[in-house]
Amino acid sequence: MAIFYKNITSATTTTLITKGSSNSGGIRKILITNNHATNTTRVRLYIDDGSTEFNIVKTNIPPMVSLVLEDNLGFDSSIYDLKLETSEAGYDITVIMK
C-alpha cells in the first residue's frame, strides 16, 4: 500500500514528508511518472534540513515515462523534509511512495 500519493500539475516545490511527521522516512520505493503526452519535465528529489539541501536525484523525465527509485531511500524524518521540485514544461507528475 502506498504511504503517499500526489499529483503535481505546476512548477513548484512539494514537501512529500515533513520533518517531524509521523512518517519515519522508512521509504522502500518512490515512483515518479511524467503523465504528459509530449513534454519532458525536470524533477529534483532532495532532503532538506532547513539550511542544507542534499539531492537524491535531479533529472529530466521524458513524456509518458516513469522513474523508479528503490535503493537506499530511508532518511531521518526528525531532521529532514523530503521534497520534490518540478520545473520545465509538462507538469503532470504523479508521485507514489511505498
Side-chain angles (χ1 to χ4, degrees):
M1 175 182 250
I3 61 170
F4 182 87
Y5 175 88
K6 180 77 174 176
N7 193 41
I8 301 168
T9 58
S10 63
T12 189
T13 299
T14 303
T15 301
L16 304 176
I17 295 177
T18 304
K19 180 174 27 179
S21 70
S22 61
N23 186 306
S24 66
I27 301 167
R28 294 183 328 227
K29 181 186 274 189
I30 301 175
L31 175 69
I32 305 170
T33 302
N34 181 358
N35 301 302
H36 200 279
T38 57
N39 292 336
T40 295
T41 299
R42 178 170 295 152
V43 297
R44 179 171 78 113
L45 181 70
Y46 62 100
I47 54 175
D48 179 6
D49 68 3
S51 61
T52 307
E53 298 173 349
F54 301 95
N55 287 332
I56 296 169
V57 66
K58 183 176 184 180
T59 191
N60 292 325
I61 301 178
M64 306 302 288
V65 170
S66 294
L67 172 65
V68 178
L69 304 168
E70 56 185 356
D71 188 26
N72 299 317
L73 297 175
F75 67 98
D76 187 344
S77 65
S78 69
I79 299 172
Y80 300 103
D81 290 318
L82 178 64
K83 297 183 177 184
L84 181 76
E85 177 182 282
T86 54
S87 59
E88 303 301 322
Y91 313 136
D92 188 6
I93 299 294
T94 299
V95 180
I96 300 173
M97 295 189 308
K98 293 182 177 186

(Q) Do M97 and V57 land in one hydrophobic cluster if side-chain heavy atoms of ILVMFWY residues count as linked below 4.5 Å? (A) yes
Q. Side chains of T15 and D81: is there a donor and an acceptor less than 3.5 Å apart?
A. no
**Q.** T41 versus Y91, closest heavy-atom pair with distance
**A.** OG1-N, 3.3 Å
Q. Is there a path of hydrophobic side-chain contacts, each under 4.5 Å between heavy atoms of I, L, V, M, F, W or Y residues, that connects L31 with M64?
A. no
(Q) If I take atom CD1 from residue I30 and atom CD from residue E70, how far apart are they, to the nearest 0.5 angstrom? (A) 11.0 Å
Q: For the pair E53 and R44, find out whether any cationic side-chain nitrogen is under 4.0 Å from an anionic carboxylate oxygen.
A: yes
Q) So do the side chains of D92 and N7 get within less than 4.5 Å of each other, counting heavy atoms only? A) yes
Q: Kindly compute the distance separating CD1 (I93) from CZ (R42), expressed to the nearest 0.5 Å.
A: 12.5 Å
**Q.** Heavy-atom closest contact (I27 atom, L73 atom, distance)
**A.** O-CB, 3.6 Å
Q. Taking all non-hydrogen atoms of both residues, which atom of S87 and which atom of A11 are closest, and how far apart?
A. CA-CB, 4.4 Å
(Q) Rounded to the nearest 0.5 Å, what separates atom CD in E85 from atom CD1 in I8? (A) 11.0 Å
Q | Gap between atom OG of S77 and atom CG of L16 - 0.5 Å precision | A | 12.5 Å
**Q.** Pairwise distance CZ(F75) to CG(D49) - rounded to 0.5 angstrom
**A.** 12.0 Å
Q) Considering only heavy atoms from C-beta outward, does the side chain of L67 approach that of L45 to under 4.5 Å? A) no
(Q) Tell me whether L69 shares a hydrophobic cluster with V43, the cluster being built from Ile, Leu, Val, Met, Phe, Trp, Tyr side chains joined at under 4.5 Å. (A) yes
Q. Any donor-acceptor pair under 3.5 Å linking the side chain of T86 with the backbone of S10?
A. yes
Q.
Just so I know, are the side chains of P63 and T40 near enough to count as touching, which here means a heavy-atom distance under 4.5 Å?
A. yes
Q) What distance separates K83 NZ from T12 OG1, expressed to the nearest 0.5 Å? A) 10.5 Å
Q: Grab the two heavy atoms, one from I96 and one from Y5, that are nearest each other, plus how far apart they are.
A: CG1-CD1, 3.5 Å
Q: Over all heavy atoms of both residues, which pair between N39 and N34 is shortest? Give the atoms and the distance, please.
A: O-ND2, 2.9 Å
